[in-house]
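Heads up: the structure comes next, in structure tokens.
Model, not experiment: these values are computed from the prediction. These values consider heavy atoms only, across backbone and side chains, with no hydrogens, waters or symmetry-generated copies.
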2 protein chains.
Amino acid sequence: MSPNANHNGSAHHDHGKCVADALAAAREICDQRGERFTELRGRVLELVWESHRPIGAYAVLERLKADGRSAAPPTVYRALDFLMEVGLVHRIESLNAYIGCAHPGAAHASQFLICKDCGTAEELESPAVDAALAAAAGDHGFKIAGRVVELSGTCKNCSGS
Amino acid sequence: MSPNANHNGSAHHDHGKCVADALAAAREICDQRGERFTELRGRVLELVWESHRPIGAYAVLERLKADGRSAAPPTVYRALDFLMEVGLVHRIESLNAYIGCAHPGAAHASQFLICKDCGTAEELESPAVDAALAAAAGDHGFKIAGRVVELSGTCKNCSGS
DNA sequence: ACAGAGTATGATATACTATAGCGAGGCCGG
DNA sequence: CCGGCCTCGCTATAGTATATCATACTCTGT
């Protein structure tokens with residue numbers, strides 16, 4: 001993994017710390033919720049964060065195998081499903097990929113800005129978007145249970161160049 | 001919205017007419033754009049509309065085969081790709097499924113309300129949602145190229161019962 | 001410490017979704 | 001009529017996800 005990372009070109013970005021923070025937060029959240037943050041789940045979450053952009057389930061699987069661990073698709077899908085239920089990971093539907101949640105711990109409806117050039121996916125939580133969606137759904141008598149909002153395009157850094 | 005509309009099981013809905021209208025419109029749009037609206041493409045579009053809710057590519061394939069036609073996955077994927085390029089069909093990312101466009105002919109960014117109970121997907125074009133998305137993206141220096149907005153939940157008819 | 005319930009993981013098989021690549025035939029402009 | 005392009009048939013394969021059963025772990029109450 002690139003030690004430098006720095007997703008969107010902005011300044012520096014201590015990737016190791018960022019991953020470690022995410023893991024620490026995850027552990028705490030699971031503790032609070034009485035969920036087991038097992039070694040496997042931790043490793044999967046770590047791999048998702050290390051990628052620092054949406055990563056496919058099978059890419060996670062390959063990395064697990066590279067650890068020397070025995071793993072099969074259900075191994076990773078179960079871990080990802082758990083992490084999504086707890087709110088530590090999001091699934092990007094338009095990419096069939098997964099990414100670490102930027103703001104775990106709080107229920108939230110997020111939106112994603114997916115750059116076609118660099119592959120990063122920035123997580124947003126725009127109240128305005130959320131309100132507009134709620135209003136639009138309400139107009140049609142629709143009760144929202146789940147939201148998928150994914151914009152593809154060019155991110156700030158990539159459009160500069 | 002179409003004059004008849006009203007999917008969701010309530011009251012009447014002249015399905016045959018609705019499909020025929022969609023096909024007629026499609027033929028005209030392809031003519032205008034100098035695209036070939038072949039028999040296969042027409043049949044695929046017809047099948048998509050007949051389903052009247054998002055339908056998977058392989059379900060379309062089965063129906064094509066039921067016609068006695070020889071068909072393989074590429075057959076249907078090529079047709080669907082064409083129909084999407086022309087704007088006659090949308091893909092629902094969260095379902096890996098396809099649905100006829102309710103307002104073909106005009107460029108538009110649409111949103112979908114997908115009922116988990118009855119499986120229908122209502123197509124919206126909310127300017128407010130669109131504006132909110134554009135604003136949120138703009139705040140982050142992001143240039144939008146494609147939008148995926150899919151809300152899952154319970155539609156009006158299903159929440160009544 | 002132990003038994004039992006519930007949960008997590010291992011392992012195999014299979015289902016579902018999508019694309020690559022090649023060749024034959026049709027359509028259309030020159 | 002011919003040459004290029006588009007459409008379609010066909011086979012193979014890639015990519016994504018789940019069903020199912022077996023094993024092993026963890027926690028709780030005793």
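- Distance, B:Arg36 CZ to C:dG26 C1': 7 Å, rounded to whole Å.
- The residue B:Phe37 sits apart from the nucleic acid: no heavy atom pair falls under 4.0 Å.
- Ion pairing between a basic and an acidic side chain is recognised when a charged N comes within 4.0 Å of a carboxylate O; A:Glu39 and A:Arg41 show no such pairing.
- Closest to the side chain of B:Asn96, from the set C:dG10, C:dA18, C:dT9, is C:dA18.
- Along DNA chain C, the nucleotide nearest to A:Arg41 and the one nearest to B:Arg91 differ in position, and the one closer to the 5' end is contacted by A:Arg41.
- Here A:His103 and A:His90 keep their ring centres 6.0 angstrom or further from each other.
- For B:Ala72, the side-chain atoms get nearest to D:dT11 when compared with the rest of D:dT11, D:dG9, C:dT9.
- Contacts of residues 73-84 of chain B with DNA chain C (heavy atom under 4.0 Å): B:Pro73, B:Pro74, B:Tyr77, B:Arg78.
- Rounded to whole Å, atom C1' of D:dC27 lies 15 Å from atom CG of A:Asp31.
- For C:dA15, its base never sits under 3.5 Å from the side chain of B:Tyr58 at any donor and acceptor pair.
- Once rounded to the nearest 0.5 Å, the distance linking OG of B:Ser94 with CD of A:Glu150 reads 8.5 Å.
- In this structure, the helix from C:dA1-D:dT30 to C:dG30-D:dC1 shows an angle of 30° between the axis at its start and the axis at its end, each fitted on 5 base pairs and rounded to 10°.
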